[in-house]
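Read through the structure below, which is laid out as structure tokens, and then see the notes.
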Protein chains: 2
Amino acid sequence: MPETGWATVPFMSTLNKTEGVSLYVQIRETLRSQLNSGDFETGQKLPAEDELAAQFGVSRMTVRRSISDLVDEGLLYRRHGAGTFVAQPHVERDHNRLTNFFDTEQAREIDVEVQLLHQEVVPARLLVANALALQETEPVIRIHTLRRVDGIPTAVYDEYIPYLLDPGLLQEDFRYRPAWQVLESAGYKVKRAVQKIEARPADETFARLLDVEEDAPLLYKHRVVYLEDGTPVSLLLCHNRGDKYAVKMTLLR
Amino acid sequence: MPETGWATVPFMSTLNKTEGVSLYVQIRETLRSQLNSGDFETGQKLPAEDELAAQFGVSRMTVRRSISDLVDEGLLYRRHGAGTFVAQPHVERDHNRLTNFFDTEQAREIDVEVQLLHQEVVPARLLVANALALQETEPVIRIHTLRRVDGIPTAVYDEYIPYLLDPGLLQEDFRYRPAWQVLESAGYKVKRAVQKIEARPADETFARLLDVEEDAPLLYKHRVVYLEDGTPVSLLLCHNRGDKYAVKMTLLR
DNA sequence: GAGTGGTCTAGACCACCCG
DNA sequence: GGGTGGTCTAGACCACTCG
């Protein structure tokens, strides 16, 4: 009888071959819940892939796929010839994902209020045209909002979408969902975004909107969202109060 | 005879089964060079996986692995039941990697100069101890530098490494390589970093070092580097002149 | 219905690590 | 040398897309 819990769990009995969920996903989530439950020590070795495959009643390629996903997430790591091991927990992950500010922030019971300043169709200025691969003066939908957190003005969002991509979008409510999520609901396959972050001084307009002194440091974000085929579909220009906002990201070797 | 170049290239003859490079890597790089050469139009369909496998003379699972890598990079995208397609080029990728500032910036013939302000062993203050999972006052190696680009002071780096991890590191030259690269050379398996970015006003010290006015906007970066097993091995506190520096990152859905 | 990608099998051989 | 992960095969069946 091993002292770890690994070999004692009748893994294979938990798999369901008839439902819609693939085996490698079921196995991955089974392993993840084992890891999250905290039963396993940092650095502890998992059973070999052969053995896990036998326990789950699947082929080794299938269990490898499950493990690979968890390795990509940083929960496990492999050493060729040695084994698969449990990484230290609590390393923050999953910054580098497109997420909805409201899903993540409001879930923490933070009070977010959105004031719509403009929702209109305007000709693209050069910066916007460049980001969205349009000609200058082509029409774009502009959504301009001021966001308050706990009553404190925190960010000014200026978001642009090519009008000709889908004129019907002009009728959507962009206040509580980022543009990419509105596009997703409309059937577009949103895949990735590239953003650039700078520290900039507040000009007179932003100082007034954000209730800070002129030249106060703002965190400026320039984000372009792309579909899976690489089409740019939205540009977000975002000015955040420097003292109220931070961006996190994960870098891989 | 198809009108595309895909079927006309004798792929399999280019593979080398005896050298050290795995087949899926050879196939991936062959496909990548085809894509980079620009012969293929955005949205063009690739041959089916079955056919590519036949052309390369490998099994379908092998060619799938190659394609999956390119899909992860954003060069291709798959549609279940429809095919694999070429994504739009020129989407910037591969931010989110740990890279050496000098490899990337000096390669562009930018003149970077590093002035060592301190290299010493000090007791960890609370911020440092928290980031590196140490007790306060445990000894850490501190590397404090001022960086000039084209003669203009651009960034102040303050980097910390647990002294007890490897006391010999104190003798290393940290000026032209980030700490994580020094650690890598010493045999440590560097895996990931988590960084937080803020906009902050320059205090008197940073204003003097960076030759800006007090309260000028700085881009502040707090970065912790982790080994593959999750051990934190370095903390970087970095203050960049806001008007001279930007951070880019890619977000995935 | 034909073509495609998504999943899965039951093996195999190799390179690498460690005691 | 025994155990491990890395790669690869030659199939198979399914789910999905599209004309």
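A note on names: the letters A, B, ... follow the listed sequences, proteins ahead of strands, and every chain is numbered from 1.
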Below 4.0 Å: OP1/OP2 of [N] and any side-chain N or O of [X]:
{"X": "Thr62(B)", "N": "dT7(D)", "result": "no"}
{"X": "Thr84(A)", "N": "dT4(D)", "result": "no"}
{"X": "Lys45(B)", "N": "dG3(C)", "result": "no"}
{"X": "Arg64(A)", "N": "dG5(D)", "result": "no"}

Tell me: [atom1] of [X] to [atom2] of [N], nearest whole Å?
{"X": "Leu52(A)", "N": "dT4(D)", "atom1": "CG", "atom2": "P", "result": "10 Å"}
{"X": "Asp69(A)", "N": "dT7(C)", "atom1": "CG", "atom2": "P", "result": "10 Å"}
{"X": "Arg28(A)", "N": "dT7(C)", "atom1": "CZ", "atom2": "P", "result": "10 Å"}
{"X": "Glu49(B)", "N": "dC14(D)", "atom1": "CD", "atom2": "P", "result": "19 Å"}
{"X": "Leu70(B)", "N": "dG5(C)", "atom1": "CG", "atom2": "P", "result": "14 Å"}
{"X": "Asp50(A)", "N": "dG2(D)", "atom1": "CG", "atom2": "P", "result": "16 Å"}
{"X": "Phe56(A)", "N": "dA10(C)", "atom1": "CZ", "atom2": "P", "result": "17 Å"}
{"X": "Phe85(B)", "N": "dG5(C)", "atom1": "CZ", "atom2": "C1'", "result": "10 Å"}

Notebook entry, point to check: Do side-chain atoms of Gln181(B) reach the backbone of Tyr176(B) as a donor and acceptor pair under 3.5 angstrom?
Noted result: no
Next item on the list: Nearest-nucleotide wise, let me know which of Gly83(B) and Ser22(A) is further upstream toward the 5' end of DNA chain C.
Entry: Gly83(B)
Checklist line | Basic-acidic side-chain contact under 4.0 Å: Glu228(B), Arg253(A) | finding: no
Check: Which value, rounded to the nearest 0.5 Å, describes the distance between Arg192(B) atom CZ and Tyr77(A) atom OH?
Finding: 12.5 Å
Notebook entry, point to check: If you measure from CG on Leu35(A) to CD on Gln44(A), what distance do you get to the nearest 0.5 Å?
Noted result: 9.5 Å
Are there any protein N/O atoms within less than 3.5 Å of an N/O atom in nucleotides 13-19 of chain C, and if so, which ones and at what distance?
unit_1: dA15(C); atom_1: N3; unit_2: His80(A); atom_2: NE2; d: 3.1

Next item on the list: Examine the side chains of Asp69(B) and Tyr24(B) and answer whether a donor and an acceptor come within less than 3.5 Å of each other.
Entry: no
Margin query: Less than 4.5 Å apart, side chain to side chain, heavy atoms only: is that true for Glu184(A) and Arg177(A)?
Written below: no
Item checked: Minimum side-chain heavy-atom gap Leu76(A)-Val86(A) below 4.5 Å -> yes
Next item on the list: Could you work out which one of dT7(D), dG5(D), dG5(C) sits closest to the side chain of Tyr24(B)?
Entry: dT7(D)
